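Worksheet: the structure to be examined is printed underneath.
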Amino acid sequence: MTISLELDAPVAESSTRRALTNISLAVAKCKKIVVVTGAGISCSCGIPDFRSSDGLYALVKQQYPDVVMKGRDLFDASLFRDKTSTSVFYTFVSQLKRCIDSATPAPTHHFIKTLDTKQKLLRSYTQNIDGLEERVGLCGSSCQEAKAGSKGKSKLKAKEVRNVQLHGDIHRVRCTLCSTNFPCTEDYLRMFNSGVAPDCPECQLRSEARVARSARPLRVGTLRPAIVLYDEAHPLGDDIGTIQTSDIARRPDMLIIMGTSLKVHGLKRLVKDFAKAVHDSAVTSTTGTPKSAKSWQGKVIFVNKTPPGSEWADIIDYHVAGETDRWAEKVIEDWKKMRPSDWEVQQTLDTDGEFKAIKEHQLVTTKEKAKRRRKSLVENIRLDDGAVHFKPPSSAPSSPTKRRQSACHYSDVESSPRKRRDVSRVANCLDKLEMADRRLLFVDATNSATIQFDELSTEVPIKKRRSGSIARPRAEVWVEIKKQQ
C-alpha cells in the first residue's frame, strides 16, 4: 500500500515530518540507487510548456495557421508520412532547442549529480530530451565519450553511461538513411526552423567518392532530430536493454521516481522491473538466502505533484506530493545534519599558508581499495636522466620456511644443524692431518654392514636405521685414516 506524504505538511504533523526525515536518511545510507525522471524535473529550468497561450504550440500555430495538429501528433512517428506535418515538426523542434539552450539545470539535476559524486547512484534513466543532466556532469547515452566508435551506430560503453536517455537527445541529429548522428549546429537549426531538413554529410561524401570513380551516385539521406517519437524504435534499444539487465542483476537497494506520470508503456515496464529488484534486495542476500530487512533498505519513492494510479499501490512504497526541487533540497539538508562526515572536505596548506580544499570526501569501495593496492606494487622513480625507472616496494621479511635457499644444496650456512655439526667435526680433524695423510674414499655399503679394507686396520661402522635397513654413507666425505706402517 502506497503511503502519501505532503511535502508542505505543517509542523504539527510530526508523523509526516518524521517519515520524510527517515526517507532522507535512507537516501544517505543506500549505496545502489536507481533514479527515473520525467519532464516534471525540468519545469523550473526556464523551458516553456507546450499548451499555454505563450507556449510552443501557439508559436508554431502562428507560422502554420492552416495546419490542425494535436500535441501528441507532433511526437508521433506517423508525421513523417506527410510533408506538411514534417515541416511543422522541424519548426517546433528548432524552437524547443533554442529554449533548452537558454535553460539552466534545476536543483533536482544537481541532486542526481550529488548521488553520483557520493558513489550512491547506480544509474539514472530519464524521459527528457533536454540533456540538462549532461550539463551537471552526468555522461549520457548520447555522448560520444560513451560510445565505442565515432559513428552513431556504435555500441555503448556501459561503465561510462551514467544517465540513460530513453527518448534520445535534442542536441544531436541523425541521418534517416545511414543512421549516423552529428551535433545539432546553428546551420541545422536555421534550416529546421524554415521547415527544411538538411542533407547528411556522410552520405554526401560517399556519393561524391563514387562519382569521382565514374560510378553512379548514391542516395543521400536527410538529417532529423535524434529524438525517439511514439511508435518508433530506439536506435540504441539493444544496448539500453543490456544496461538495464545489468543494473537489475546488481541488486539496487532504492528506486526514486520523479516528475513523471508513468503513462508510457515502456517506462512502466522499466519501473516495475526495478521496483521488484529493489524489494527483493531487502529480504534476500546476494546468495539468495533470506536475511533480516533493514528499515532504510528496499524503498520505492515516487515524487510528483499528482498521485500515482491504482495499479501502483503494491509497487510504490511512498508518494511525496510536491515539487521535486524542494524535496531534493530537503534531502540534502537532512543528509548534512544527520551524516556530516559524508560532507567533509580534505584540505591542505598552499604556498601562501592558507587552507585549500583539494577534493571532496568520497566513499572508497572495495574494488577501488584493491585497485590502489595493485597500483602501489610498483613505484615510479624519475632520475636525473629523465627516464622513469620502476622500483619494487620494500616488503617485510618472509617466514623462515618461505625464505629462498641458496643455489647450492650443500650450503654450510643454510643446511640442517646436524649437517653443520658433521661438517665442523670433519673440518677439525682434517686440520690436524697433513696432506699426505688425507685420502678421499668412495665407499659402497649396499650389501654389508661393516666395510673391511685390505690395507687399513680401521673399520668404518655403518649406522642402521630403525627399520633395520642399512644407511648408505654419503659420497665425498672425508674420513680420518691411519697410514699402515
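Keep in mind the model is a prediction, meaning the values are calculated, not measured.
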Steps toward side chain to side chain contact (heavy atoms under 4.5 Å, CB included) verdict (Gln144, Asn181): CA-CA 10 Å; Gln144 291 301 312; Asn181 64 59; 3.3 Å; yes
Any side-chain heavy atom of [X] within less than 4.5 Å of one from [Y]?
X      : Y      : answer
Ser179 : Pro235 : no
Glu134 : Asn163 : no
Cys178 : Cys200 : yes
Pro183 : Arg172 : yes
Pro225 : Tyr90  : yes

Exceeds 12 heavy-atom contacts within 6.0 angstrom, atom CG of Asp238: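 No.
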Side chains of residues 327-338: which donor-acceptor partners sit under 3.5 Å, not counting sequence neighbours?
residue, atom, partner, partner atom, Å
Lys330, NZ, Asp334, OD2, 3.0
Asp334, OD2, Ser24, OG, 3.2
Trp335, NE1, Asp342, OD2, 3.1

Residues forming a salt bridge (charged side-chain N to carboxylate O under 4.0 Å, His left out) with Arg326, sequence neighbours excluded: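 Listed in chain order: Asp8.
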Please confirm whether the backbone N or O of [Y] pairs with a side-chain atom of [X], one donor and one acceptor, at under 3.5 Å?
X      : Y      : result
Arg219 : Cys203 : no
Asp82  : Ser85  : yes
Arg210 : Arg216 : yes
Arg17  : Leu7   : yes
Thr176 : Thr222 : yes
Thr91  : Asn193 : yes
Ser246 : Thr242 : no
Thr86  : Leu79  : yes

If the threshold is 4.0 Å, N to carboxylate O, is there a salt bridge linking [X] and [Y]?
X      : Y      : result
Arg98  : Asp101 : no
Arg339 : Glu344 : no
Glu232 : Arg224 : yes

Donor-acceptor side-chain pairing of Gln165 and Ser142 below 3.5 angstrom: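 Side-chain D/A pair, Gln165 to Ser142: present.
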Rounded to the nearest 0.5 Å, how far apart are [atom1] of [X] and [atom2] of [Y]?
X      : Y      : atom1 : atom2 : result
Lys32  : Met254 : NZ    : CE    : 14.5 Å
Lys276 : Ser281 : NZ    : OG    : 11.0 Å
Leu138 : Cys143 : CG    : SG    : 9.5 Å
His110 : Ile112 : NE2   : CD1   : 10.5 Å
Lys305 : Thr324 : NZ    : OG1   : 9.0 Å
Asp253 : Asp280 : CG    : CG    : 13.0 Å

Nearest atoms (heavy-atom pairs only) where [X] meets [Y]:
X      : Y      : answer
Cys99  : Ser102 : O-OG, 2.9 Å
Phe192 : Ala197 : CE2-CA, 4.2 Å
Val161 : Arg123 : O-NH1, 2.6 Å
Asp317 : Gly298 : OD2-O, 3.5 Å
Pro252 : Leu122 : CB-CD2, 3.8 Å
Val228 : His234 : CG2-CD2, 3.4 Å

ring-ring contact (aromatic ring centres under 6.0 Å, His included) partners of residues 13-45, not counting sequence neighbours, each pair once: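 Every candidate ring-ring contact (aromatic ring centres under 6.0 Å, His included) pair involving residues 13-45 fails, so no pair, neighbours aside, qualifies.
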Contacts of type ring-ring contact (aromatic ring centres under 6.0 Å, His included), residue Tyr188, not counting sequence neighbours: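 With neighbours one apart ignored, the set is empty.
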Parallel, tilted or perpendicular: ring planes of Phe80 versus Phe89, cut at 30 and 60 degrees: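 Ring orientation of Phe80 relative to Phe89: perpendicular.
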Parallel, tilted or perpendicular: ring planes of Phe274 versus Tyr125, cut at 30 and 60 degrees: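 Rings of Phe274 and Tyr125: tilted, 30 to 60°.
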Verdict with reasoning, Val27 to Lys120, per side chain to side chain contact (heavy atoms under 4.5 Å, CB included): CA-CA 9 Å; Val27 173; Lys120 295 180 178 295; 5.9 Å; no
Chi angles and distances behind the side chain to side chain contact (heavy atoms under 4.5 Å, CB included) call for Ile23, Leu5: CA-CA 11 Å; Ile23 292 176; Leu5 303 173; 3.7 Å; yes
Test side chain to side chain contact (heavy atoms under 4.5 Å, CB included) applied to Val300 and Phe302, step by step: CA-CA 7 Å; Val300 178; Phe302 180 70; over 6 Å; no
Side-chain polar contacts of residues 257-271 - donor-acceptor pairs under 3.5 angstrom, sequence neighbours left out - could you list them?
residue, atom, partner, partner atom, Å
Thr260, OG1, Gln127, OE1, 2.8
Thr260, OG1, Leu262, N, 3.3
Lys268, NZ, Glu311, OE2, 3.3

From CA spacing to verdict: side chain to side chain donor-acceptor pair (under 3.5 Å), Asp76, Ser78: CA-CA 5 Å; Asp76 197 287; Ser78 61; 2.8 Å; yes
Donor-acceptor contacts under 3.5 Å from residues 35-47 side chains, at least two apart:
residue, atom, partner, partner atom, Å
Thr37, OG1, Thr126, OG1, 3.0
Ser42, OG, Asp130, OD2, 2.8
Ser44, OG, Asp325, OD2, 2.4

